[in-house]
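Only one structure is covered here, and it is reproduced in the block below.
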Amino acid sequence: MSENQTAAAKPNHLYLVDGSGYIFRAYHQLPPLTNRHGQPVGAVYGYTSMLWKLAAELDKADGPTHLAVVLDKGSHTFRNDMYDQYKAHRPPPPEDLVPQFPLIRDATRAFSLPCIEEAGFEADDIIATYTCRAVEAGWNVTIVSSDKDLMQLIQPGVDMYDTMKNERRGADYVVGKFGVPPEKLGDVLALMGDSVDNVPGVPGIGPKTASKLITEYGDLESVLAAAPSMKKSKMQENLIEHSDMARLSRKLVALHCEMTLPEPLDDLTLKGIPEEPLRDFLEHHGFKALLNRLGGPAAAVAVAAASAAITSGTPPPPPQIEDAPPIDCSAYETVVTEEALDRWIAAAYAEGIVAVDTETSALDAVSAALVGVSLSTGPNLACYIPVGHGGMDMFAEKPLQLPLDLVLAKLKPLLEDDSILKVGQNIKYDLTVLGRHGITVAPFDDTIVMSFDLDAGQSLAGHGMDEAAKTHLGHTCISFKDVVGSGKNQISFAEAQLDKATAYAAEDADVTLRLWKLFKPRLHQEGATRIYEMVDRPLVPVIAKMEHTGIKVDREHLSRLSSEFTDGIARLEGEIHALAGQPFAIGSTQQLGAILFDKLGLKGGKKGKSGAYSTDVTILEKLKAEGSEISGKVLDWRQLSKLKSTYTDALQQQINAQTGRVHTSYSLTGAQTGRLSSNDPNLQNIPIRTETGRQIRHAFVAEPGNVILAADYSQIELRLAAHMADVPALKEAFANGEDIHNRTAEELFGEVNRDTRGRAKTINFAILYGISRWGLASRLEISADEAQDMISRYYERFPGISVYINETLEKARARGYTETLFGRKTWFPRIRASIQHERQGAERAAINAPIQGTSADIIKRAMARMGPALEKAGLPDVKMLLQVHDELVFELPESDVEAASAIIRDTMAGAAEPAVKLSVPLGVEIGTGPSWGAAH
DNA sequence: ACCCTCACG
DNA sequence: GACGTACGTGAGGGTA
C-alpha cells in the first residue's frame with residue numbers, strides 16, 4: 001500500500017452520539033416550543049439541530065465515516081443489581097419531556113441514522129463497548145456528549161465533542177477539570193461520588209480531595225491501603241469506614257466495554273442523508289429554520305444564524321433590556337378615539353405579545369369598577385385607555401373617554417386570542433376584573449409569579465411591581481400615592497387626573513413587558529419553567545375563580561357569638577381587675593407585666609432587647625400551673641378578645657354587600673416555600689383547635705340545598721419526609737395505614753400510651769422543622785441532654801433522616817437554594833451568614849422548605865386538575881372555595897356528595913403523579929355538613 | 001412603624 | 001461565654 005493511497009482514503013472515524021444525555025440538556029436549555037399539533041417539541045428541536053450540525057461534519061476531511069445514536073432503554077441496569085440505590089433519587093423526567101422521547105427516535109430515523117439501545121445497559125456502556133472495538137480496529141472515535149463519566153474513554157484517537165458549547169475535548173481537558181488523566185478519572189469519580197446518580201463515594205471527599213489523593217497514591221486501592229497510616233483526620237476516618245462504598249462506587253462508575261455489539265461496526269457506515277424523510281419530519285413539526293436550509297444555499301442567512309444560535313446551546317438572544325431606551329413616562333398615549341384604540345390593538349397583533357393592566361376604583365377585585373386599561377407592546381410603547389373616569393355619577397362632569405362597552409368589545413378578541421400572549425403583573429387581579437365583564441384572558445404570563453418561581457427567598461428580589469422595577473430595571477415607578485394622594489385626602493383612581501393616570505397606568509404596562517423580557521429566558525436557563533408552567537401558572541385562573549366565588553358567612557351567627565364573647569370579656573375583666581387590686585388595660589403587655597411581676601411579685605424574668613416582660617401563653621400557662629388565678633383568667637380573656645376582634649367582629653365587616661359572601665385574596669408569592677397565603681380576610685387561620693374558637697367555623701355555611709365538603713391530606717408532610725428521607729419504618733407504617741405517632745412512640749419508647757404518643761408527635765414535628773435539642777427540651781420539659789438522647793435515638797430508629805438533613809444542608813450551602821420534588825427553588829441567602837443564629841435559622845428553614853414546598857406543589861397540582869376532573873365527571877355544580885395548605889373546601893349540591901367525594905379524593909391522592917412517584921400513599925380524609933365546622 | 005401576641009397548617 | 005431556639009403565614013391592639 002503506497003503512502004499516496006493511505007493519505008487519499010478517508011480514515012474510519014466513528015461518531016457515537018449520547019442521545020439521552022443530549023435530550024435532557026436540550027430540554028433544560030431551550031424554550032418549551034410547541035408545534036402546531038400542540039405537542040411539546042423544545043427538546044426535539046434541540047436534538048434535531050444537533051444532528052443537523054453533525055451532518056455538516058460529514059463533508060470534513062476528518063469528519064465521521066460511521067455514526068450511531070445511542071439511547072438509554074428502560075431504567076433497570078446491571079448497576080441496579082450491584083447497588084439498589086443507584087440513581088434511586090433521580091426524579092422522573094419532566095411531564096412535557098416524556099412525550100418527546102418517541103419523537104427523538106422519529107428524528108433519528110428522519111436523518112436515516114442508526115439508533116442503538118439495549119435493555120440492561122446504559123447508553124454509556126454501549127458507547128464504551130463501541131469505542132473499544134473501534135480503537136482495536138484502528139479507527140478514530142468521537143463521542144458526542146458532555147458526560148463526565150464518558151470522559152474516562154478519552155485516549156489517543158478518541159476525543160469528545162460538546163455540540164452545545166462547540167468544544168472538542170481531549171486528555172488535556174480532563175486534566176484541567178479533574179487534575180488527573182482520563183485513565184485515572186474512574187478512581188477520582190469513585191472517591192467523590194455523584195449525587196445525581198446516587199453513587200455514594202466517600203463522605204466529605206469532593207473533586208479536589210479526590211484528585212489530590214489519586215495523584216499522590218496512584219489509584220483507589222492504593223489510597224485505601226494507605227488510609228490507616230495517614231494523618232488522623234475526619235477524612236482519614238471516612239476513608240477507612242467507607243472503603244467498601246468506595247470500592248462499590250469504583251465498580252458503578254466503571255464503563256462496561258465487553259457487551260456484545262447490537263450491530264456490527266460496519267453497519268454504522270454513513271451513506272448520506274436522503275432529503276425526503278427529513279423534509280417530512282421538519283415540515284410535520286414546523287422547524288422552519290432547518291427547512292429553509294434544506295432548501296439549499298439560497299435560504300435566508302438570518303434564519304440560519306438564528307438556528308445556529310440555538311444549536312450552540314444559547315437560547316435565541318432575548319431582547320436585551322440594556323438596548324431598550326430608558327423608561328419615559330411622557331411618551332405614553334391616552335387613548336380616547338376609536339382610531340387610536342384600533343391602532344394599539346393592531347400593534348399588539350403585530351408583536352404577538354402585549355402587556356395588560358387594569359385600573360379600578362378600589363382594591364377589591366370582586367366588586368371594584370373598571371376605570372381604565374393600559375397596554376404595552378414594547379419599551380416606551382404604552383397607552384392608557386380610560387373608561388370609567390369621573391366616577392359613577394351620571395351627572396358629574398367627565399373627561400373625554402371611550403365608552404366602556406366599546407372598549408371591552410374591541411379588546412375581547414385580542415385578550416382571548418390564542419396566538420397573542422398577554423402579560424400581566426399579578427394578572428390574577430386582571431383576570432377577575434375582566435372576567436366579570438365576560439372576557440376570559442388567555443394565554444397569559446404573570447411576571448409576579450415568574451419572579452417568585454425564579455427568586456423566592458432572595459432578599460433583594462421583591463416580587464411586587466415597584467420593587468421589581470427597582471431591582472431589575474433600576475427604575476423607580478410613579479407611586480400610587482402621587483396619583484391619588486394618601487390618608488384622608490386619598491381619592492379613587494376614577495377621580496385621578498387623566499395625565500397622571502396615564503403616566504402611572506401605562507408605566508405599569510411598560511415595566512411589566514420589560515420584566516417579562518428579562519424573566520422569560522431566565523426561567524429556562526435556571527430550570528424554573530417546569531414549576532412555572534406545570535404548577536403555578538395554571539393555578540392563577542383557578543385561584544381567581546375561587547376568590548370570585550367566595551364563601552357564604554352567616555352574619556347572625558357571628559353577631560350572636562360576638563355578644564357572647566363581649567359578656568365573657570366583661571366578666572373576666574372585672575375579675576382580673578379585682579385580683580390585680582386596680583383597673584388596667586389587660587391588652588397592654590406592658591401594664592400586664594407590671595401588674596404580674598412588679599405588683600404581685602410573680603416570678604418570670606425580663607426578656608428580649610426591649611427589656612419588657614414576656615407575657616405570652618407559655619409564661620401565663622406556667623404561672624397558672626403554679627396556682628396564679630389571675631394568669632388563668634388573663635388567658636381566657638385573651639382568647640375571647642382575639643376571637644371577637646379578629647374573627648366574629650372583623651369577619652362581619654368582610655361580608656361583601658353584593659354577594660353576601662366573603663371573598664379572600666390569595667397570594668401566590670406570599671410564602672417563600674411555595675405555599676399560598678390568604679388575606680383580606682385571612683381564611684387560612686379560622687379557629688378550630690379550641691371548642692370556643694371552633695364555633696366560628698360554624699358560621700361558614702352552604703347555600704340552601706348545598707353542603708360544605710372539606711377534604712384534608714392526612715399527615716402529608718410526614719409522609720413526604722418519609723419518602724424524601726427514605727425512612728423504611730415510617731414508609732411501612734404509612735403503607736399499612738398505621739397511626740404514625742403511635743408507631744414513632746413504639747420505636748422510640750417501646751410502649752404506646754397517651755404520654756409517649758404525645759411526645760412522639762412533638763418529636764415528629766420537631767424533625768420537620770429542623771430540630772435543636774434546646775427547642776425540643778423546652779417543648780417536652782426535659783433537659784437538653786435528655787432531648788439530645790431522644791434525637792439520637794430517633795436518628796437511629798429512622799435512618800435516612802439525618803442523611804436527608806445533612807444532604808439538604810450541604811446542597812443549600814453549595815447552591816444557595818433548596819428544591820422541592822417538583823423543582824421549586826427556595827433561596828437561602830443567609831445559609832452562609834457568619835452570625836451564628838442567623839445561619840442556624842436559615843438552616844432550620846432550609847430543612848423544612850423542601851417538605852413544606854413539596855406539599856404545597858402537590859395540593860396546587862390537585863387544585864389545577866380539580867375543575868377539569870369534576871367537569872369530566874359531570875359535576876359542574878361543585879365549587880372549590882378555599883385552600884388551607886393541606887385542605888380544600890367545596891360547596892356542592894347535596895345530591896353530588898357521593899360522586900364528588902370520589903373525584904376529589906382521587907384527584908388529591910394522585911396529584912403528585914405522573915411527575916413524581918411517591919413511595920408512600922397520600923391519604924385524604926373527607927367530611928361534609930351544613931357548615932365548615934360541621935364538615936370536620 | 002414596630003412589637004407582641006395568637007389564630008391556622 | 002452569651003445568645004435564644006421549631007417551619008410557614010396574617011391580623012389586631014398597644015405603644016412610640
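Values in this document were obtained by computation on a predicted structure and should not be read as measured data. The sequence lines fix the lettering, A, B, ..., with proteins before strands; numbering per chain opens at 1.
Within 4.0 Å of A:I686, counting heavy atoms only, lie sugar-phosphate atoms of the nucleic acid but no base atom. Note on A:S772: a base of the nucleic acid sits closer than 4.0 angstrom, heavy atoms only. A:S641 comes within contact range of no nucleotide atom at all, as no heavy-atom separation falls under 4.0 Å. Nucleic acid contact for A:I688: sugar-phosphate only, since backbone atoms but no base atoms lie under 4.0 Å from a heavy atom of the residue. A:E887 comes within 4.0 angstrom of no nucleic acid atom, judged by non-hydrogen atoms across all strands. Residue contacts shown for A:S778 are absent, as no nucleic acid heavy atom lies under 4.0 Å away.
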Worked verdict on A:R773 versus A:E786 for salt bridge (Lys or Arg N to Asp or Glu O under 4.0 Å): CA-CA 8 Å; A:R773 66 188 131 142; A:E786 287 168 316; over 6 Å; no
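Candidate nucleotides B:dG9, B:dT5, C:dC7 were compared by shortest atom distance to the side chain of A:S614, and B:dT5 ranks first. Nearest nucleotide to the side chain of A:S677, out of C:dT9, B:dA7, C:dT5: C:dT9. Checking B:dG9, C:dG12, C:dA11 against the side-chain heavy atoms of A:A650 singles out C:dG12 as nearest. Comparing atom distances between the A:A766 side chain and each of C:dA6, C:dA11, C:dG12 picks out C:dA6 as nearest. For A:L776, taking side-chain heavy atoms from C-beta onward, the closest of the listed nucleotides B:dT5, C:dA6, C:dG4 is C:dA6. When each of C:dT9, B:dC6, B:dG9 is scored by its nearest atom to the side-chain atoms of A:Y769, the top-ranked nucleotide is B:dG9. The A:W774 side chain lies nearest to C:dT5 when the options are C:dA6, B:dT5, C:dT5. Of the candidates C:dG4, C:dC7, C:dG13, C:dG13 carries the atom nearest the A:S645 side chain, counting heavy atoms from C-beta on. Among the nucleotides C:dA6, B:dA7, C:dG8, the one closest to any side-chain atom of A:T762 is C:dA6. Of the candidates C:dC7, B:dT5, C:dT5, the closest approach to any side-chain atom of A:T589 belongs to B:dT5.
The side-chain hydrogen bond (donor to acceptor under 3.5 Å, both in side chains) test with A:Y794 singles out one residue from A:N764, A:D789, A:T744, and that residue is A:N764. Each of A:R638, A:Q591, A:Q590 was compared with A:T615 under the side-chain hydrogen bond (donor to acceptor under 3.5 Å, both in side chains) criterion, and only A:R638 meets it.
A:K761 places its NZ atom 16 Å from the C1' atom of C:dC7, with the value rounded to the nearest Å. The CG-P distance, from A:N685 to C:dC7, rounds to 19 Å in whole Å. Here C:dT15 presents its P atom at 11 Å from CG of A:L592, a figure rounded to the nearest Å. Atom CD of A:Q852 and atom C1' of C:dA6 are 12 Å apart (whole Å). Between the OH atom of A:Y613 and the C1' atom of B:dC4 there is a distance of 17 Å, given to the nearest Å. What separates CG of A:D680 from C1' of C:dG10 is a distance of 9 Å, to the nearest Å. A:K860 has its NZ atom 13 Å from the C1' atom of C:dG8, to the nearest Å. Distance A:L635 CG to B:dA7 P: 10 Å, rounded to the nearest Å.
Evaluation of atom-type donor-acceptor distances gives no pair under 3.5 Å for the side chain of A:R638 against the base of C:dG13. The base of C:dA6 is paired with the side chain of A:R779 by a donor and an acceptor separated by under 3.5 Å.
Taking atom P in both B:dC2 and C:dA6, one finds a spacing of 23 Å when rounded to whole Å. B:dA7 and C:dA2 are spaced 35 Å apart, taking the P atom of each and rounding to whole Å. Taking the C1' atoms as reference points, B:dC6 lies 25 Å from C:dC3, given to the whole Å.
A donor atom on one side chain and an acceptor atom on the other are not found under 3.5 Å apart for A:K860 and A:Q883. A:Q852 and A:T673 form a side-chain donor-acceptor contact under 3.5 Å, judged by distance and modelled atom types alone.
Between C:dA16 and A:Q590, a contact under 4.0 Å exists linking OP1 or OP2 to a side-chain N or O. In this structure, A:R689 reaches the B:dG9 phosphate: one of its side-chain N or O atoms is under 4.0 Å from OP1 or OP2. Distances shorter than 4.0 Å separate none of the side-chain N or O atoms of A:T673 from OP1 or OP2 on C:dC7. Under 4.0 angstrom from either OP1 or OP2 of C:dT15 there lies at least one side-chain N or O belonging to A:Q591. Here A:R844 reaches the OP1 or OP2 of C:dC7: one of its side-chain N or O atoms lies under 4.0 Å away.
A donor-acceptor contact shorter than 3.5 Å links the side chain of A:D739 to the backbone of A:H741.
Pairing for C:dA2 is absent, judged as Watson-Crick or G-U wobble with the two contacts each under 3.5 Å.
No more than 12 heavy-atom neighbours from other residues, nucleotides or ligands sit within 6.0 angstrom of CG on A:N489.
Residues A:Y713 and A:I858 are in side-chain contact: their nearest non-hydrogen atoms beyond the backbone lie under 4.5 Å apart.
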